[in-house]
Amino acid sequence: MSDTGISSIANYIPRLRLQRKAIAESNAWMAPNLVGKGKGAKAISNWDEDSVTMSVEAARRILGPEDDRSHIDSLFFASTTMPYSDRLNSGIIRAALTLEETTQCTDVSSSIKSGTTALINAFNSVNSGKNSYSLVAASDKRKARVASSQELNFGDAATAISISKENVIAKFIDSASLSIDFIDHFRGPNEEFDYNWEERWIRDEGYLKIIPKLINNLLQDNDISPSDISRFILPCIFPRVPQTIAKKTGINPDCIVDNLAVSVGDTGSCHPLIMLTSVLENSTPGEKILVCSFGGGGDAILLETTNLITDFTNIETTIDLINNGVDEDNYMKYLTFNDLVKWEKGMRAEIDRKTALTTLYRHNDAIIGLVGGKCSKTGTIQFPASRISVSPNSPDLDTQEPYKFAEKKANILSWSADYLSFSINPPNYYGIVSFEEGGRIMMDFTDVGEGDVESGKDVKMVFRIKAFDEVRGFTRYFWKAVPI
Amino acid sequence: MASGIKDKVAIIGMGCSKFGERWDTSPDDLMVEAYVEAMGDAGIEPNQLDAAWFSHHIDDIGSGKGGTPMSIALRLPNISVTRVENYCASGSEAFRGAVYAVAAGAADIAIALGMEKLKDTGYGGLPAANYGTLGPQIGPSGSAPGNFAQLASAYTAKHGVSAEDLKRAIAHVSVKSHANGALNPKAHLQKEVTEEQVMNAPMIAEPLGLFDCCGVSDGAAAAIVTTPEIAKSLGKKDLISVKALQLSVSNGLESQHNSWDGSYFHTVRVAAKKAYAEAGITNPRKEISMMEVHDCFSITELVTMEDLFISEEGNAVNDVMDGFYDSDGQLPCQIDGGLKCFGHPIGASGLRMLYEMYLQLQGKADKRQLSSPSIGLTHNLGGQPASNVCSVAIIGSL
């Protein structure tokens, strides 16, 4: 067994929970078959979230508030719904997390198993000694056709995992992979939605043949008995498939981990990792955990918890995240957030949102990393940084040192709820946010409910989509304030 | 210390177009309307003009950039025309340019003209502003009402005024202005409104409802200035002179430094102090006869009353509710109806305010005429509370 393993893991589940009943009832007139499936809820992201922003949120949970993140030397980002086909998506995450420029960033995509594939790559990179601290982020925000079963099933979320040889809570034993061109679904270039084949075939020829083979390969290679597995993770929406596979491979069915389908939904490439987080938040030392994924074949990863697992916890556990969700029964809101209906945006939405890439690059630390300046002479903190300090009566020249705002405490100075300006989620809340150590930013608020905003209230910073440039296909990111 | 502008320049002619939704009127026609009235009032010929200043804020829906639109529309005799743009203080900025040119001796007679054609956008409200290439990547995609509405949240937090009391006070600000505007044939909105109507109007940006926001309209206004000596040589009597012209511009302190609490206009306080010193005013609450302030939103006007040092800090709500600023109050404010009823064709507004002061000082304000005013103050505020341009002008009888 290697020394390499997971040193930290955390989930991010967006706050809204779309009630499946709302989807089923809205579409029952044309798809009565959905009514029986309208149970529970699925986690849906706000309009300003995507797989990149959700990954940033998950990663921040394991990085903590420390400014120094120089120990991270590689980053793997897994998703089948990356916002860019050609722009290093993990590079955006790196910049938002203010990781060093020398961090090796890799996008892993094209299959639902990309989350586990990224994790295996991270294990190998650390195990080989090439990297000493690797970060994995996986997230999906999948679109589905109205009234499809995918619409009911899909949920949005992200998981981040740190891999190192220090402070390991779950050691990496080994992994196995199968690369098989079994096409349960596909999504061609420029297509919004998946094309899906018959579920019975996917179940019988896919899951029930590929996953047992994968498990057997892994366990036999490592001379581990199926009965030693104490937790079996297999994201699968088909009923009883994990049970059948457990029986087939000799794993105790009691070890099957809840797939969170009722409370979160199928979150794609991060789903095995979401389930892994929920397991590690409630594990004891010495547990052997088998993580499987399906898609273009499959991956299987074997882990064993260490004594450090006893002290491991997240400030917001998966159970907390699920319990802290806000019920949403407005199906139209979901369709609007995801641009699944043609809605009247008004002339104010017609503004050209072309992003000057030169400007974005010049101010990349400020825009993507929320890095401002601190005057080395007066200590005045400001955003953004400038050659001449904003210090009252002390306009010092070239005294600014980088100052990170994203993890600092802040509160609302002034605000309004604007019904006039264009917003995908009106009213448009924004205002001045003052940071306790100094500095302030006039910024958008997000994840706001009525009555949530008032002067003096504490806020936290979140990395979100600022705007879409629909003409050029560019997503603009910045930070927003969330009342806490 | 500079000697200041006091009594060095006189206004000899002013003009103001009808403000409103001038669907059938072009930007050029608006300019002509204000210009013809101003020239007729001054009693001079075009070839007596030495220089011109033209204020125009949103060039992409108006007349375009530069000084040529004004020169061509008015067929000026190839004199200098300087286009100025300084947010909502643009009109006052044009006036400042003309006045300074005369005071410097660079021009004997100069004209300032402001024009804005806002109703060619296809929707109500102001078009989205241009904040360069960095601004949109950082700042909220908000609106003017959303920016100014924030004064209310900070003001209530600071002064302990209840949201309900503040809402009622700013409603009275609008009720008062509508009552004044109803008497003004050049105003866009000429109907009175009740406090209840204002309080119950649709929300635009909390806590500002529809009637807390000024109108959006087309309009133009112009002023012709010269030295008192030349004015007298032209046969002018009972001259109206410039007492003070001050402009204060945010340097980023409000938007970047935590020393500003969001409840007031830092620049207004700076400009007001300088203007009073320039005009020799020591007790503005007593010495100023009337004011036209930048009531883009009702909350702006209320806060401005304190920043101009007329109401004590935290007491504007009481002064407003006591009727201190009503037409029959001790210091009438927005006697022409203000931005509230004229709307805010941005480049024109500063000059439109001066036009009312000019009429009042000459006793020519018809039904709105106040008894014997001697000092009038105008105030413009452009941008937003956290980053703005403020102008304060004072004119009076020479």
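All chains are named by letter (A, B, ...) in the order of the sequence lines, taking the proteins before the strands, and each is independently numbered beginning at 1.
- Residue E312(B) places its CD atom among 12 or fewer non-hydrogen atoms of other residues, nucleotides or ligands, all under 6.0 Å distant.
- Surrounding NZ of K273(B) are at most 12 heavy atoms belonging to other residues, nucleotides or ligands under 6.0 Å away.
- Side chain of E206(B) to main chain of A417(A): no donor-acceptor pair is present (N/O by atom type, distance under 3.5 Å, no hydrogens or angles).
- Only the side chain of A157(B) comes within contact range of chain A, with heavy atoms under 4.5 Å apart.
- At least one donor-acceptor pair under 3.5 Å links the side chain of S153(B) to the backbone N or O of W415(A).
- The environment of K345(A) atom NZ is dense: over 12 non-hydrogen atoms of other residues, nucleotides or ligands sit within 6.0 angstrom.
- Atom CZ of R87(A) is surrounded by more than 12 heavy atoms from other residues, nucleotides or ligands within 6.0 Å.
- For chain A, the nearby part of T121(B) is the backbone; its heavy atoms alone come within less than 4.5 Å.
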Legend entry - Residues N147(B), M442(A); criterion side-chain contact (heavy atoms from CB on, under 4.5 Å); working and verdict: CA-CA 10 Å; N147(B) 288 331; M442(A) 171 90 85; 4.1 Å; yes

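- Only the backbone of L126(B) comes within contact range of chain A, judged by heavy atoms closer than 4.5 Å.
- The residue among G139(B), G252(B), G132(B) with the most heavy atom pairs within less than 4.5 Å of chain A is G139(B).
- Checked by atom type and distance alone, the side chain of R476(A) pairs as donor or acceptor with a backbone atom of P136(B) at under 3.5 Å.
- For P392(A) against S259(B), the heavy-atom pair with the smallest separation is CG-OG, 4.5 Å.
- Residues A128(B) and I351(A) approach most closely at CB-CD1, 3.6 Å, considering heavy atoms.
- Proximity to chain B (any heavy atom under 4.5 Å) is restricted, for F435(A), to the backbone atoms N, CA, C and O.
- Note: S414(A) leads S386(A), S414(A), S455(A) in heavy-atom pairs under 4.5 Å with chain B.
- Between chain A and the options S141(B), A205(B), P127(B), P140(B), heavy-atom pairs under 4.5 Å are most frequent for P140(B).
- The distance from atom CD1 of I441(A) to atom OG of S255(B), rounded to the nearest 0.5 Å, is 10.5 Å.
- Each of P385(B), A144(B), G122(B) has some count of heavy-atom pairs under 4.5 Å with chain A, and the biggest count is that of G122(B).
- Contacts of T380(A) with chain B are made by side-chain atoms alone, with heavy-atom separations under 4.5 Å and no backbone atom involved.
- Annotation for K167(B): atom NZ counts as buried by contact number, over 12 foreign heavy atoms lying within 6.0 Å.
- Heavy-atom neighbours of K354(A) NZ from other residues, nucleotides or ligands within 6.0 Å: at or below the threshold of 12.
- Proximity to chain B involves both the backbone and the side chain of P384(A), based on heavy atoms less than 4.5 angstrom apart.
- Put simply, the side chain of L134(B) reaches to within 4.5 Å of the side chain of I367(A), judged on heavy atoms.
- Across all their heavy atoms, T133(B) and T359(A) have their closest contact at OG1-OG1, 2.7 Å.
- With chain B as the partner, the residue from A356(A), G438(A), G439(A) showing the most heavy-atom pairs under 4.5 Å is G439(A).
- Looking only at distances, no side-chain donor or acceptor of D418(A) sits under 3.5 Å from a matching main-chain atom of P145(B).
- I381(A) touches chain B through its backbone: at least one of N, CA, C or O sits under 4.5 Å from a heavy atom, while the side chain does not.
- In this structure, N258(B) contributes its side chain and S434(A) its backbone to no donor-acceptor pair below 3.5 Å.
- Looking at N251(B), its side chain never comes within 3.5 Å of a backbone N or O of V390(A) through a donor-acceptor pair.
- Residues W260(B) and I432(A) come closest through the heavy atom pair CZ3-CD1, 3.7 Å.
- From K466(A), atom NZ reaches atom CD of Q137(B) across 9.5 Å, with rounding to the nearest 0.5 Å.
- To the nearest 0.5 Å, atoms OH (Y430(A)) and OG (S143(B)) are separated by 4.0 Å.
- Other residues, nucleotides and ligands contribute only 12 or fewer heavy atoms inside 6.0 Å of the NZ atom of K274(B).
- Formation of a donor-acceptor pair under 3.5 Å by the R440(A) side chain with backbone atoms of Q256(B) is not found in this model.
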